[in-house]
Engineer: 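Following this message is one structure expressed as C-alpha cells.
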Amino acid sequence: MSDYLDPEEREPVDGSRRRALWGLVVLGCVAVIIGSLMVLLGGGSGNKNNNTGLDQPPLTSPPTTVIKSTPTHRATTKAIVPTKPAPKPSPPRTGNPCAGAATCGVSGDGGVVTALNAYRTEHGEKTVSGAATARAETCALHQGAAKYCAQHWIYTTSPSQSGTDCIKGFAGFNPSWLLDKQMTSFSVGWAYVAGTYQCAVAKTLSTD
C-alpha cells in the first residue's frame, strides 16, 4: 500500500485542520479581547469608586450637644449678729458729791427722764422730752424756793440721786402734775444740801 494518497483524497483532511486552526485562533483572539475588557472594566470601576469618594462631602464631626444645667440655689443662712444689750443704768449716786463742801449742785438727770416717761406711759399718757438743765439745778440747790425756780415746778428730797425715788415722791403728793396732757417737755435739776439730795423738775406746757 502506497504512503502517498491521492491529492483529492488529502484535501478534505487539510481543510478540516485549517478550519480547526482558525477556530483556535479566533477563540484565542476572543479570549484576549475579553481579558482586555475585564482589565479595562476593572480599572475603570476602581477609578469610579475613587471619584465617588472624592465627590462625597468631607466627613464632619458629629454636632456637640451642650447641656446647660441650672445652678442649684443653696440655702444661705444669714449670720445672726447678737444685739448689744442696753447699757445698765448707773447706780444711784450716794454720799457727799461736793468734794469737801456741804452743799453743791449735782450734774445729770439721775434717771428722772426715764422714770417720769415710764410713769406717764403706765397711765396712758404720751412721753415727752426731758433733760438736765442748769436752771433746774439752781432750783434744787435752793430747795425749791419760788424765786429760783421756773414756772410749773415741783420739788422733793431723796436719800440718793435716784430718778425712781424722785418720781415716786412726786406721785405720792401730786400725780396729776406728772400726767399733765399739756406737758410738752421738762427739765431736771439735782443738788446736795445738808446731807440730802434735792430733786427739782420744771415742765413746759403747750399753752405757755
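All residue numbers in this chain count up from 1 along the given sequence. For the numbers below, each heavy atom of this structure counts, side chains included, while hydrogens, waters and symmetry mates do not.
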Engineer: side-chain contact (heavy atoms from CB on, under 4.5 Å), that's the test. Do Gln198 and Leu141 meet it? Break it down for me.
Structural biologist: CA-CA 7 Å; Gln198 317 295 315; Leu141 189 60; over 6 Å; no
Engineer: Which value, rounded to the nearest 0.5 Å, describes the distance between His152 atom NE2 and Ile154 atom CD1?
Structural biologist: 13.0 Å
Engineer: Do the side chain of Asn96 and the main chain of Ala101 share a donor and acceptor less than 3.5 angstrom apart?
Structural biologist: yes
Engineer: Nearest 0.5 Å, what's the CG-SG distance between Asp109 and Cys199?
Structural biologist: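 Answer rounded to 0.5 Å: 9.5 Å.
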Engineer: Supply the atom-to-atom distance Met183 CE to Leu205 CG, rounded to the nearest 0.5 angstrom.
Structural biologist: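 Met183 atom CE to Leu205 atom CG measures 7.5 Å (nearest 0.5 Å).
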Engineer: Would you give the length of the straight line joining atom CZ of Arg93 to atom OG of Ser107, rounded to the nearest 0.5 angstrom?
Structural biologist: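 Between Arg93 CZ and Ser107 OG, I get 5.0 Å after rounding to 0.5 Å.
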Engineer: When rounded to the nearest 0.5 angstrom, what distance separates OH in Tyr119 from CD1 in Ile167?
Structural biologist: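 Those atoms lie 9.5 Å apart.
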Engineer: Within a strict 4.5 Å, meaning less than it, do heavy atoms of the Thr103 and Tyr192 side chains meet?
Structural biologist: no
Engineer: Before you tell me yes or no, could you show the steps for Phe186 and Thr204 under side-chain contact (heavy atoms from CB on, under 4.5 Å), namely the whole-Å CA-CA distance, both residues' side-chain angles and the distance that decides it to 0.1 Å?
Structural biologist: CA-CA 6 Å; Phe186 62 94; Thr204 302; over 6 Å; no
Engineer: Using atom types as modelled and distance alone, determine if a side-chain donor or acceptor of Thr138 lies under 3.5 Å from a backbone N or O of Ala134.
Structural biologist: yes
Engineer: Quick check: do Ser206 and Gln182 have side-chain heavy atoms less than 4.5 Å from each other?
Structural biologist: yes
Engineer: Quick one, Thr156 with Tyr197, criterion side-chain contact (heavy atoms from CB on, under 4.5 Å). Give me CA distance, side-chain angles, the key distance, then yes/no.
Structural biologist: CA-CA 9 Å; Thr156 190; Tyr197 282 87; over 6 Å; no
Engineer: Taking a hydrophobic cluster as the set of Ile, Leu, Val, Met, Phe, Trp and Tyr residues connected by side-chain heavy atoms closer than 4.5 Å, whether directly or through intermediates, do Tyr155 and Phe173 fall within one such cluster?
Structural biologist: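 Each belongs to a different hydrophobic cluster.
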Engineer: Would a distance-only check, ignoring hydrogens and angles, find a side-chain to backbone donor-acceptor pair under 3.5 Å from Arg120 to Ala115?
Structural biologist: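 The answer is no, because no donor-acceptor pair under 3.5 Å joins these two groups.
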Engineer: Do you know the tightest heavy-atom contact between Ala136 and Ser187?
Structural biologist: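 That closest heavy-atom pairing would be CB-OG, 3.9 Å.
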Engineer: Ignoring hydrogens, what is the shortest heavy-atom contact between Thr94 and Ser160? Give both atom names and the distance.
Structural biologist: CG2-CB, 3.6 Å
Engineer: Is the Lys NZ or Arg CZ of Lys203 less than 6.0 Å from the centre of Trp177's six-membered ring, within 45° of the axis?
Structural biologist: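 Ring-cation test returns yes.
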Engineer: Using the side-chain contact (heavy atoms from CB on, under 4.5 Å) rule, take Glu137 and Trp190 through it: C-alpha gap first, then chi angles, then the decisive distance, then the call.
Structural biologist: CA-CA 5 Å; Glu137 184 180 307; Trp190 285 89; 6.0 Å; no
Engineer: Which of these passes side chain to side chain contact (heavy atoms under 4.5 Å, CB included) with Val188: Leu116, Val112, Thr133?
Structural biologist: Val112
Engineer: What distance do Cys139 atom SG and Trp153 atom CH2 have between them, rounded to the nearest 0.5 Å?
Structural biologist: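 So the gap between those two atoms works out to 6.0 Å.
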Engineer: Is it true that Val201 and Leu179 fall in one hydrophobic cluster, defined by side-chain heavy atoms closer than 4.5 Å?
Structural biologist: yes
